[in-house]
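Have a look at the structure below, then the notes.
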Amino acid sequence: MMKLCKFYRYFIYRIYHLNNDIPVIRVLGYLSFMHASHLLCYVFFLSRILCVNLIDLGKIEKYIYAIIFLGLHYILFYNKEKWDEYFKEFENESKEERKKGTIKVWGYFIGSILIPISIIILVSELFPQ
């Protein structure tokens, strides 16, 4: 199991504790969605560099890749004992720390999705195929 940096541990803690509905799936879903946007950006750049369409997938392939991606996140990130340690690490945060942490987590999440998508749009406009 890999050692996560403090911010990622906090990210897992905050997303897990949003509310009480299936928190593990929610955390893994958020992480998968965020990392998928990064991966899509890299694949897009590779497609442009190689002049090959690597993104053109059928509906079934997209679902298969999404399930595999989520499964990999489960294997790489989920460890109940480690997550319990993360929760203990941050359970005594003050209201002010929680407020700042929530802003950082949502800023990171939204930025991690919007920035790669914005880069893809910008590159598409500047360098049409």
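The figures that follow rest on heavy atoms only: side chains count, while hydrogens, waters and symmetry mates do not.
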| task | Verify the ring-centre separation between Phe90 and Tyr10: is it less than 6.0 angstrom? | result | yes
| said: Is it the case that over 12 heavy atoms from other parts of the model lie below 6.0 angstrom from the OH atom of Tyr74? | reply: no
| note | Shortest non-hydrogen pair, Glu91 vs Tyr13, comes out as CA-OH, 3.8 Å
| message | If you apply the rule side-chain contact (heavy atoms from CB on, under 4.5 Å), what do you find for Leu31 with Phe11, and how did you get there? | response | CA-CA 9 Å; Leu31 288 172; Phe11 184 85; 3.6 Å; yes
| message | Hydrophobic clustering (ILVMFWY, side-chain heavy atoms < 4.5 Å, transitive) - are Phe69 and Ile64 grouped together? | response | no
| remark: On a heavy-atom basis, the closest approach of Ser32 and Leu70 is OG-CD1, 3.4 Å
If you look only at distance, which donor and acceptor atoms sit under 3.5 Å apart when one is on a side chain in residues 98-108 and the other is two or more places apart or in another chain?
| from | atom 1 | to | atom 2 | distance (Å) |
| --- | --- | --- | --- | --- |
| Thr102 | OG1 | Arg14 | NE | 3.3 |
| Thr102 | OG1 | Arg14 | NH2 | 3.1 |
| Thr102 | OG1 | Arg98 | O | 2.8 |

| query | Can you name the side-chain hydrogen bond (donor to acceptor under 3.5 Å, both in side chains) partners of His35, sequence neighbours left out? | reply | Tyr8, His73
| query | Do Ile115 and Val43 share a hydrophobic cluster, counting only Ile, Leu, Val, Met, Phe, Trp and Tyr and linking them when any side-chain heavy atoms are less than 4.5 Å apart? | reply | yes
| Honestly curious: do Val24 and Leu72 fall in one hydrophobic cluster under the side-chain, below-4.5 Å linking rule? | no
| field | Side chains of Lys82 and Arg9 in contact at under 4.5 Å (non-hydrogen atoms) | value | no
| query | Can any side-chain N or O of Ser37 pair as donor or acceptor with the backbone N or O of Met34 at less than 3.5 Å? | reply | yes
| request: Applying ring pair (Phe, Tyr, Trp, His ring centres under 6.0 Å), run through Tyr42 and His38 and close with a yes or a no. | output: CA-CA 6 Å; Tyr42 298 134; His38 297 171; 7.1 Å; no
| Can Phe109 and Ile15 be said to form a side-chain contact (heavy atoms from CB on, under 4.5 Å), step by step? | CA-CA 10 Å; Phe109 178 71; Ile15 299 298; 5.9 Å; no
| request: Flag yes if more than 12 heavy atoms outside Phe44 fall under 6.0 Å of its CZ atom; otherwise flag no. | output: yes
| message | Within this structure, what is the CD1-OH distance for the pair Ile25 and Tyr78, rounded to the nearest 0.5 Å? | response | 9.5 Å
| Atom CD1 of Ile60 with >12 non-hydrogen neighbours under 6.0 angstrom | no
| message | Let me check something: do Ile68 and Leu40 share a hydrophobic cluster, defined by ILVMFWY side-chain heavy atoms less than 4.5 Å apart, either directly or through other members? | response | no
| task | Please round to the nearest 0.5 Å and tell me the distance separating atom CG of Leu39 and atom OH of Tyr65. | result | 10.5 Å
| field | Atom CZ of Phe7 with >12 non-hydrogen neighbours under 6.0 angstrom | value | yes
| Is Glu97 reaching over with its side chain to a backbone N or O of Ser94, donor-acceptor style, under 3.5 angstrom? | yes
| Transitive ILVMFWY side-chain link Ile119 to Leu122, under 4.5 Å | yes
| query | Out of curiosity, Phe87 CZ to Trp83 CH2, how far, rounded to the nearest 0.5 Å? | reply | 6.0 Å
